[in-house]
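These notes are about the structure you will find just below.
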Amino acid sequence: MTESPLVKDLNSAQREAVAAPLGNQLVLAGAGSGKTRVLVHRIAWLMEQQSVSPHQVMAVTFTNKAAREMRERLTHLIGDRLGPRGVHSMWVGTFHGIAHRLLKAHWQEAGLSQNFQIMDSDDQLRLIKRIYQTLALDDSRWPVKQAQWYINNQKDEGLRPAHIDPGHDPFAQTMKLVYEAYEEACENAGLVDFAELLLRSHELWLKNKSLLDHYQRRFVAILVDEFQDTNSVQYAWLRVLAGHACAVTAVGDDDQSIYGWRGAKIENIQQFENDFAPVGVTRLEQNYRSTSTILSAANAVIENNFGRLGKNLWTDGGEGEHIDLFAGFNEQDEARYIVERVQDYLREDGSRARTDCAVLYRSNAQSRILEEAFLRENVPYRIYGGQRFYDRLEIKNALAYLRLISSRQDDAALERVINTPTRGIGAKTIESIRIFARDQGCSLYAAMQAALRNKVFSARAAGALNGFVALIDELEENVAQLTLGEAAELVLEKSGLVEFHRKEKGEKGQARVENLEELVNACRLFEPQDEEVTPLQEFLANAALDAGDGQADEFEDAVQMMTLHSAKGLEFPLVFLAGMEENLFPHKMSLDEPGRLEEERRLCYVGITRAMDKLVISYAESRRMHGNENFNAVSRFIREIPQNLVREVRIQSTVSRPASYSSSSATRQTEVDDFPDLKLGQSVLHPVFGEGTITQFEGRGAGAKVYVNFMREGGKWLALQYAKLEVV
DNA sequence: CTATCCTCGCTTTTT
DNA sequence: GCGAGGATAG
């Protein structure tokens, strides 16, 4: 093996992966095993030892964040050897970003219009809704969401309407019809959805051999991150591009495949070994993140899955602390405990930060209770995920104005803003424009102008429409001479969007105005890379492909809250896994199929392996779900963790949990036997009535009642079994 | 056109 | 139980 300074600080497995000969490589990289490090070093090594030049390298990731990180680390490691364009001489990006780049360069060959726009899933849904109207389809029989799901799935599998044989299945027949109409509408409006980017560029290569040949010659080395998340088109795309001569390095972890539900195929890892043979395989199993206690728990849980490629994480670090397990009386109790643990953790050592703590949960709905608990104790928190910046209503409206200015054919954009803010163009007027456009086979904007010329509208509607056309024309004229930031500011002012949201009552309007200001700011900071298109066009494409997360309050020291899915790839010294109950995690939708249950288990594995020093697992014995009280059993995943690693935490400062369960009975009921912490004169907290004092007792066991004198609400009798009293 | 009521749905999410 | 989006009345 060549001794290069590049591989000096790597362990032997990493070194083997980095310095493997120029050929196809599969790197099975466990959680926290230095996977990105290996990818970056592999690129450097190929350049140094195999004289691969930067522009012969393509590195593909799934998220913009991962692509950004890779670029940064490459610049850090070999920035001085990358030439004048730095890291931009390589193609480093997401599957979608790279496909977009190809389509922009070869729009003619791909059969697209020159200024095609990328449509996000929201626009896509609106478009399909409109198609439902033209086809007069019943959306209660065939939900629109399902049609969207269907279309995206077909595209992810590489299928066009022509490939689909619906047989006698009325659902498939209808969906095929929608899919066909949808394609036509996209074509006419110059719109391309996410899946289309990949499918279209894949087809481009297949039908244009000389173009494919060009790229196959160009790329000598292709590296793919998170290979277990690739779907069918992505895999096919890669296989075509790589051809027979290119060296592909695929890095992935079958145990961390958690996106099967959106088309990712773990099988692609095994498939890779066949299709790209000969393939060298290396395993990265040494973990640099977690204590051995945490790793043992993770290994034990994932062990229960079948058909794994096999991998066992180990560390030469210490054992660390036990995993704590807390049983909350209900979800409020659980949330309160978590907040308390965070406060203790910070109090123990002044150098610790709130960002060191993360609360992970299975579904977004769980965040509210946790949020309230943090809010009550004035602990700053930040929720990741949820609505993304560019998905916010006000931002989408603003972008739609910019899109319309940049492309008049963009019907989706026109529909969004023609009457936002309201300017007296009603549903009827818009409908007649739609009909006109359909008859003429032109864009809505063109139809509107033609209809105005033919004077088909009432004086009022015509006035409003003329105003709108004048506005868009005026904006376009001015925007051409301004910087992007100034242009955005002008558009927001003149369109009346800022004014519209300023007048909105409540804090919501305020927040929206602030978001719009943030958008102007993003425009100001935007640095165009591409000289082929206008900065505005480039910005719009970027906005469509970028979640734009991490906008506000990024630097505030706050506890991190997120779903298990969004935690993938991150690490925290202190991790809470909340809501570890059957039906919630594993989710009840995943219980019937073994494959889906295994995916839940992998999700649990991902969660456990996020923790560096300390893991706290919790569940609630009673939980309100969709308005009903549920008594869920303890998650099977908890039972899969060896007992000796776990310390059960008893409740100290709260109402005791119900003393006994009759575990034999199928429908388990909470039985209240006694509440040792409750006595006369005790101060208690009620979730609705607030703070009060116990002044009387009545009854025992399940029928026990207390009389509480509330500070705000006065005295009330409460059934202990139902009232969620907390000792203060 | 806007305000309000009502219904619906409800796992995970990137691009 | 809660929030979003659609339908309906004003």
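In what follows, every chain begins at residue 1, and chains take the letters A, B, ... in the order their sequences are listed.
- The interatomic distance linking A:Asp120 (CG) with B:dT13 (C1') rounds to 13 Å, in whole Å.
- Side-chain contact check for A:Asn397 and A:Thr420: no donor-acceptor pair (N or O, by modelled atom type) lies under 3.5 Å.
- In this structure, A:Arg262 forms a cation-pi arrangement with A:Tyr259, its terminal cationic atom sitting closer than 6.0 Å to the ring centre and no more than 45° off the ring axis.
- Residue A:Ser590 has no polar side-chain atom (N or O) positioned under 4.0 Å from OP1 or OP2 of B:dT11.
- The distance from atom CZ of A:Phe389 to atom C1' of B:dT15 is 18 Å, rounded to the nearest whole Å.
- Put simply, A:Asn419 has a side-chain N or O that comes within less than 4.0 Å of OP1 or OP2 on B:dC1.
- A:His100 and A:Phe116 have their aromatic ring centers within a separation under 6.0 angstrom.
- Ring-base stacking between A:His565 and B:dT12 is not satisfied when judged by a centre separation under 5.5 Å and a plane angle under 30°.
- Protein atom CG of A:Asn64 is 9 Å distant from nucleotide atom C1' of B:dT14, rounded to whole Å.
- Comparing C:dG5 with B:dT12, their C1' atoms are spaced 23 Å from each other, to the whole Å.
- Residues A:Ala110 and A:Arg200 approach most closely at O-NH1, 2.8 Å, considering heavy atoms.
- Put simply, CH2 on A:Trp149 is 14 Å from P on B:dC10, counting in whole angstrom units.
- Among the nucleotides B:dT11, B:dT15, B:dT13, the one closest to any side-chain atom of A:Arg596 is B:dT11.
- You'll find that the side chain of A:Thr563 is closest to B:dT12, out of C:dG6, B:dT12, C:dG1.
- Picking from B:dC10, B:dT15, B:dT12 the nucleotide with the shortest atom distance to the side chain of A:His626 gives B:dC10.
- One finds no side-chain N or O of A:Lys588 lying less than 4.0 angstrom from the OP1 or OP2 phosphate oxygen of B:dC10.
- Checking A:Arg423 against A:His587, the closest nucleotide of DNA chain B that is more toward the 5' end is the one next to A:Arg423.
- If you take CG of A:Asn153 and C1' of B:dT13, they are 14 Å apart, rounded to a whole angstrom.
- Straight-line distance from the NZ atom of A:Lys145 to the P atom of B:dT12: 12 Å, rounded to whole Å.
- Between A:Asp254 and A:Arg308 no salt bridge is recorded (no basic side-chain N to carboxylate O distance below 4.0 Å).
- Each of A:Ile425 and A:Arg262 has a nearest nucleotide on DNA chain B; the 5'-most of these lies closest to A:Ile425.
- Residue A:Lys129 places its side chain closer to C:dG6 than to any other of B:dT11, B:dT15, C:dG6.
- Across all strands shown, A:Ser121 has heavy atoms under 4.0 Å from base atoms, whether or not it also approaches the sugar-phosphate.
- Atom-to-atom, CE of A:Met625 to C1' of C:dG1 comes out at 13 Å; the value is rounded to the nearest Å.
- When the P atom of B:dT13 is taken as reference, atom CG of A:Leu603 falls 10 Å away, rounded to whole Å.
- Within the cation-pi definition used here (under 6.0 Å to the ring centroid, within 45° of the axis), A:Arg392 does not qualify as a partner of A:Tyr390.
- Nearest nucleotide to the side chain of A:Thr422, out of B:dT13, B:dC1, B:dT15: B:dC1.
- Between the side-chain ring of A:Phe62 and the base of B:dT15, no stacking contact exists by the 5.5 Å and 30° definition.
- The phosphate of B:dT11 (OP1 or OP2) has no side-chain N or O of A:Asn364 nearer than 4.0 angstrom.
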